[in-house]
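Since the structure comes first, as structure tokens, the remarks are kept for the end.
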Amino acid sequence: MKIIIVGGVAGGATAAARIRRLDEQAEIIVFERSGYVSYANCGLPYFIGDVITNPEELTLQTPESFFQRFRVSMKVRHEVTAIHPDRKVVSVRNLETGETFEETYDKLILSPGAKPTQPRLPGVGIDKLFTLRTVEDTFRIKDYINKNHPKSAVLAGGGFIGLEMAENLRELGMDVTIVQRPKQLMNPFDGDMASFIHNEVRRHGIRLALGHTVEGFEEKNGGVDILLKDEAALHADMVILAIGVTPDTALAKEAGLELGIKGSIVVNDRMETSVPDIYAAGDAVQVKHFVTGEDALISLAGPANKQGRIIADNICGGDSHYEGSLGSSVIKVFDMTAASTGINETNARKAGLDVDTVILSPMSHAGYYPGGRVMTMKVVFEKETGRLLGAQIVGYEGVDKRIDVLATAIHAGMRADRLKNLELAYAPPFSSAKDPVNMAGFMIDNIFKGILKQWHLEDVDCLPRDGSVTLLDTRTEGEFAKGHIDGFKNIPVDELRERLDEVEKGKKVYVICQSGLRSYIASRILEGNGYEAYNFSGGFRFYDAVMNDRCLIEKATDCGMDKW
């Protein structure tokens, strides 16, 4: 059996290695148009920022090492220019010699990945404007920095690459601005959770120009002007476009394969395309979202590796199936860690799901053990069924392991309230006896049992201030004095039982504290004394962070970015 693989890196290289492990006799040829067959995409920004200093550390395998171990022929700097399914042949060009030739196949695997989205804007081709996708792109950016010592950079786009590049350029000492049309960074997160990311980015001196549309680029005064719609231009020594990626599927289109979202390759759960004996994996394919069942594009290394393995199994006579993508992801943001899995509240509502959320601020480990830090967790679940839909966590240590537990729970089909039953490892340096994941389960269990009734951030402006309801802040007098929501009366939770006569009977009581814990205790005291009480989800800490962030975004828009 002869297998041709178009594209190395995650999906292609994984498929090649797995096929060899299953079939020692198969002939396997990989054509890769770049000079690298297996490299660490996710490490590229950290090489630019000097966190990774040896370029060889980016290369996971070379053509020589891959052949020595797996007897796979890795043809770098070779571009497949056409697929001829009727003849089971591919056309190939050697990019170093210009030679063209044809290669037959029994099975063909497409792993072309995706390319940086290139908007059709004036000035996109200027030499101080870069994209980052390949090792060659990385070296180009690094060489420019080393030779020209730019003092400022603008990142167009605030996703994974934009945020990682912003951090690494800032660590090199540059003035950095992120500009993009959406009013938040990191779309996997809801806007409220993204506020914590914004705060960390600003704290390290990065300017955010959110809600602004880039209309073009001009070389000016030795640098680049970034032209914005209805706003003064930004100026920088260099610009990096990081506005997303587009499936690189021109070959598939010309070969007549069925295409889906943004021209992605349509595959079934065996990773088979619409054409017999042709498979596809990675950033170029359309998948099903595990939670919603809807078609999706999810460009992550983990899914690409799994898809490559599934293809290999099926080519070698197995019956493996891809169950869909959760989109689980994690990112370092200076000192902070942000992670998400499943779908967020925004997308759940867009999908027509009736959802609720819990927001909590647990410590990363036992409070009495030194070094604990607060994390903010948001868990999304379906109201009627209790189905766990997604989660977002922003914090410091321990964020990654909690998001992985929640991703596992979603994949296992666990009800959200049953998170309380998970038996998770505990020792004071690592967690609490009531792990944050358990705490989320306790809260959701209380909601289902009617013990906890909530009100949310979007309810703040709707609360009547005419005395028809009671608005109660149960923090200490000192905390209340430092900041509170207008219209709220302060009765510290430890004084509430003795001051119940100050809370009028027959009115609903909306309660808030710093994190949600004391106000929950207060709501139970109130309920036990005949009141109807609602606890604020997230606490004043959450409210304050989100509202301050929204204010800064609107201020930058209203006052002009020169007023930052």
Side-chain angles (χ1 to χ4, degrees), residues 1-39 61-115 134 136 247-259 265-267 270-285 304 307-317:
M1 181 168 54
K2 182 177 180 182
I3 299 104
I4 299 293
I5 302 175
V6 181
V9 197
T14 296
R18 175 70 171 171
I19 291 170
R20 174 58 72 228
R21 290 194 294 270
L22 297 177
D23 186 344
E24 184 65 18
Q25 307 306 317
E27 180 183 359
I28 309 167
I29 303 173
V30 178
F31 291 115
E32 169 59 49
R33 65 186 166 200
S34 77
Y36 301 85
V37 295
S38 183
Y39 57 88
Q61 291 276 4
T62 65
E64 294 77 18
S65 67
F66 216 98
F67 182 80
Q68 183 175 5
R69 177 158 296 179
F70 296 110
R71 293 301 187 267
V72 170
S73 179
M74 288 284 190
K75 302 288 187 180
V76 297
R77 303 293 295 157
H78 281 69
E79 181 179 17
V80 174
T81 57
I83 302 167
H84 311 284
D86 54 333
R87 296 189 291 128
K88 302 187 82 168
V89 163
V90 296
S91 299
V92 186
R93 178 185 294 113
N94 184 324
L95 297 178
E96 293 183 345
T97 66
E99 173 197 4
T100 60
F101 58 93
E102 290 188 339
E103 195 78 57
T104 61
Y105 66 83
D106 295 311
K107 304 289 183 180
L108 177 65
I109 302 173
L110 301 180
S111 181
K115 55 190 176 183
T134 66
E136 287 88 348
D248 192 356
T249 55
L251 269 179
K253 181 179 180 181
E254 292 169 5
L257 276 65
E258 182 183 351
L259 302 181
I265 302 170
V266 172
V267 292
R270 287 171 50 87
M271 306 311 296
E272 297 167 324
T273 72
S274 59
V275 175
D277 297 319
I278 300 181
Y279 299 76
D283 296 354
V285 305
Q307 292 159 12
R309 180 185 175 91
I310 288 167
I311 290 171
D313 287 352
N314 291 328
I315 283 177
C316 295

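Each residue takes its place number in the sequence, starting with 1.
The two residues Val76 and Ser34 have their closest heavy-atom pair at CB-O, 3.5 Å. The minimum heavy-atom distance linking Ala26 with Ile3 is given by the pair CB-CD1, 3.8 Å. Looking at every heavy atom in both residues, Ala15 comes nearest to Ala312 through O-CB, 3.7 Å. Scanning both residues, Gly308 and Thr14, for their nearest heavy atoms gives C-CG2, 4.3 Å. For Tyr105 against Ile83, the heavy-atom pair with the smallest separation is OH-CG2, 4.3 Å. A pairwise comparison of heavy atoms in Val275 and Pro85 identifies CG1-CB, 3.8 Å as the closest pair.
Using a 4.0 Å cut-off between a side-chain N of Lys or Arg and a carboxylate O of Asp or Glu, Glu32 and Arg77 do not qualify as a salt bridge.
With sequence neighbours excluded, no residue forms a side chain to side chain donor-acceptor pair (under 3.5 Å) with Arg20. Residues meeting the ring-ring contact (aromatic ring centres under 6.0 Å, His included) test with Phe70, sequence neighbours left out: Phe66. Residues passing the side chain to side chain donor-acceptor pair (under 3.5 Å) test with Lys88 are Asp277, sequence neighbours excluded. In terms of the side chain to side chain donor-acceptor pair (under 3.5 Å) criterion, residue partners of Arg270 (sequence neighbours excluded) are, by chain and number, Glu272, Asn314, Asp319. Remark: Thr104 pairs with Lys2 by the side chain to side chain donor-acceptor pair (under 3.5 Å) rule, at least two apart or across chains.
Judged by distance alone, with hydrogens and angles left aside, the side-chain atoms of Glu99 form no donor-acceptor pair with the main-chain N or O of Asn94 at under 3.5 Å.
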Go through Glu102 and Val92 one step at a time and tell me if the side-chain contact (heavy atoms from CB on, under 4.5 Å) criterion holds. CA-CA 6 Å; Glu102 290 188 339; Val92 186; over 6 Å; no

Determine, stepwise, if the pair Arg21 / Arg309 fulfils side-chain contact (heavy atoms from CB on, under 4.5 Å). CA-CA 11 Å; Arg21 290 194 294 270; Arg309 180 185 175 91; 4.3 Å; yes

Report the C-alpha distance between Phe67 and Val72 in whole Å, list the side-chain angles of each, state the deciding distance to 0.1 Å, and finish with yes or no for side-chain contact (heavy atoms from CB on, under 4.5 Å). CA-CA 5 Å; Phe67 182 80; Val72 170; 5.8 Å; no

Let's go through Phe31 and Glu103 carefully: what are the C-alpha distance in whole Å and the side-chain angles of both, what is the deciding distance for side-chain contact (heavy atoms from CB on, under 4.5 Å) to 0.1 Å, and is it a yes or a no? CA-CA 11 Å; Phe31 291 115; Glu103 195 78 57; 4.1 Å; yes

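For the pair Ile4 and Ile109, the minimum side-chain heavy-atom distance is 4.5 Å or more. A heavy-atom distance below 4.5 Å is not found between the side chains of Val266 and Thr273.
Separating the OG1 atom in Thr81 from the CG atom in Leu95 is a distance of 9.5 Å, to the nearest 0.5 Å. Within the model, atoms CG of Asp283 and OG of Ser111 stand 8.0 Å from one another, a figure rounded to the nearest 0.5 Å. Rounded to the nearest 0.5 angstrom, Lys107 NZ and Ile311 CD1 are separated by 12.0 Å. Arg93 contributes atom CZ, which lies 6.0 Å from atom CD of Glu79 (distance to the nearest 0.5 angstrom). The CZ atom of Arg71 sits 12.0 Å away from atom CD1 of Ile28, with the distance rounded to the nearest 0.5 Å. To the nearest 0.5 angstrom, Lys75 atom NZ is 14.0 Å from Ile5 atom CD1.
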Please tabulate, for the side chains in residues 247-259, all donor-acceptor contacts under 3.5 angstrom to protein atoms that are two or more places apart in sequence or on a different chain.
unit_1, atom_1, unit_2, atom_2, d
Asp248, OD2, Arg33, NH2, 2.1
Thr249, OG1, Gly263, O, 2.5

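Residue Gln68 places its CD atom among 12 or fewer non-hydrogen atoms of other residues, nucleotides or ligands, all under 6.0 Å distant. Around CZ of Arg69, the count of heavy atoms belonging to other residues, nucleotides or ligands within 6.0 Å does not exceed 12.
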